[in-house]
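The chain is numbered in sequence order, starting from 1. Values below: all heavy atoms of this structure, side chains included; hydrogens, waters and symmetry mates excluded.
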Amino acid sequence: MDRKSERELVVTRTVAAPAHLVWRAWTEPELFRRWWVPQSFALALVSCELDVRPGGQYRLVFRHEGSTMEFFGTYLEVSAPSRLVWTNEEDGGQTVTTATFAEAEGSTTVVVSNLYPSKEALESDGATAAMPEAFDQLDTLLASLPHG
């Protein structure tokens, strides 16, 4: 995880799968829900709606300790299988996340950049800290999928 500026964090990870499979894992709800939530967070993803198209919305609903919380936003750019840009609107601000997928020799380098509306918003967000565990779970999912 690299802090690129006062408002931007970037996470880079290479996974052992072609870009089209990684894209599917990020854009198909039945696959997304299998890896996105770190198991150590003790959260249950009870609803996962992904309308992956420019202007489409996503909404994730989690249950934790008897209450629920939601993450939601809008897809700004959708360029399969190489680039996905969306907003994160649940905090009242508007963080923009850009994920790129670059394939080389059967592996895909994923770069996730979160651009926060302020330095304070970056410092108060714990979601990026979950990325290493989520990526481990993504690796496991991708290994289980046919690569054809």
Side-chain angles (χ1 to χ4, degrees), residues 1-102 108-145:
M1 185 173 336
D2 294 319
R3 188 170 178 153
K4 296 294 185 181
S5 72
E6 286 187 346
R7 297 178 39 226
E8 184 178 16
L9 283 177
V10 176
V11 176
T12 302
R13 177 84 171 245
T14 299
V15 295
H20 75 275
L21 278 184
V22 180
W23 179 265
R24 286 185 55 209
W26 284 71
T27 60
E28 295 181 13
E30 62 276 5
L31 296 178
F32 184 85
R33 65 185 318 134
R34 292 170 55 189
W35 71 271
W36 183 256
V37 182
Q39 292 178 348
S40 69
F41 281 36
L43 296 172
L45 180 58
V46 294
S47 176
C48 176
E49 300 170 16
L50 307 177
D51 181 12
V52 184
R53 61 183 172 85
Q57 306 284 305
Y58 72 90
R59 181 170 298 276
L60 308 172
V61 179
F62 300 89
R63 184 177 41 246
H64 178 65
E65 297 181 352
S67 65
T68 60
M69 60 183 166
E70 296 184 11
F71 294 95
F72 53 92
T74 304
Y75 291 102
L76 302 176
E77 294 180 44
V78 178
S79 300
S82 61
R83 184 177 168 88
L84 192 58
V85 181
W86 67 91
T87 63
N88 302 280
E89 301 168 15
E90 65 279 349
D91 60 2
Q94 194 173 71
T95 299
V96 176
T97 300
T98 301
T100 60
F101 311 95
T108 300
T109 298
V110 180
V111 179
V112 179
S113 170
N114 283 335
L115 181 60
Y116 295 86
S118 67
K119 176 182 176 183
E120 292 75 21
L122 179 152
E123 292 174 352
S124 67
D125 184 15
T128 306
M131 291 301 296
E133 186 176 351
F135 270 118
D136 289 346
Q137 294 172 182
L138 176 62
D139 281 335
T140 300
L141 171 67
L142 292 169
S144 73
L145 299 175

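In this structure, Leu60 CG and Leu43 CG are separated by 11.0 Å, a value rounded to the nearest 0.5 Å. Separating the CZ atom in Arg3 from the CG atom in Leu9 is a distance of 6.5 Å, to the nearest 0.5 Å. Taking CG from Leu122 and CZ from Arg7, the interatomic distance works out to 9.5 Å, rounded to the nearest 0.5 Å. To the nearest 0.5 Å, the span separating CG on Asp2 from OG1 on Thr12 amounts to 6.5 Å.
Under the rule for a side chain to side chain contact (heavy atoms under 4.5 Å, CB included), the partners of Ser82 that lie at least two apart in sequence or sit in another chain are Ser79. For Ser40, the side chain to side chain contact (heavy atoms under 4.5 Å, CB included) partners are Pro38, Glu133, not counting sequence neighbours. In terms of the salt bridge (Lys or Arg N to Asp or Glu O under 4.0 Å) criterion, Arg34 has no residue partners (sequence neighbours excluded). Glu49 is linked by a side chain to side chain contact (heavy atoms under 4.5 Å, CB included) to Ser47, Arg59, counting only residues two or more places apart in sequence or in another chain.
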Please evaluate residues Phe71 and Phe62 with respect to the criterion ring pair (Phe, Tyr, Trp, His ring centres under 6.0 Å), reporting the C-alpha separation (whole Å), side-chain torsions for both, the decisive distance (0.1 Å), and the verdict. CA-CA 8 Å; Phe71 294 95; Phe62 300 89; 5.3 Å; yes
Do Phe32 and Thr27 pass the side chain to side chain contact (heavy atoms under 4.5 Å, CB included) test, and can you show the C-alpha distance, the side-chain angles, and the key distance before you say yes or no? CA-CA 7 Å; Phe32 184 85; Thr27 60; over 6 Å; no
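No more than 12 heavy atoms of other residues, nucleotides or ligands sit less than 6.0 Å from atom CZ of Arg63.
The heavy-atom pair separating Pro54 from Leu76 by the smallest distance is CB-O, 4.0 Å.
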Pair up each side-chain donor or acceptor in residues 92-102 with any protein partner under 3.5 Å, not counting sequence neighbours, and list the distances.
| unit_1 | atom_1 | unit_2 | atom_2 | d |
| --- | --- | --- | --- | --- |
| Thr97 | OG1 | Asn88 | ND2 | 2.8 |
| Thr97 | OG1 | Asn114 | OD1 | 2.5 |

Using atom types as modelled, flag every donor-acceptor pair under 3.5 Å from a side chain in residues 134-141 to any protein atom, sequence neighbours excluded.
| unit_1 | atom_1 | unit_2 | atom_2 | d |
| --- | --- | --- | --- | --- |
| Asp136 | OD1 | Arg13 | NH1 | 3.3 |
| Asp136 | OD1 | Arg13 | NH2 | 2.6 |
| Gln137 | OE1 | Gln39 | N | 2.8 |
| Gln137 | NE2 | Trp35 | O | 2.7 |
| Gln137 | NE2 | Val37 | O | 2.8 |
| Asp139 | OD2 | Arg13 | NH2 | 2.8 |
| Thr140 | OG1 | Asp136 | O | 3.2 |

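In this structure, Phe72 has its ring center no closer than 6.0 Å to that of Tyr58.
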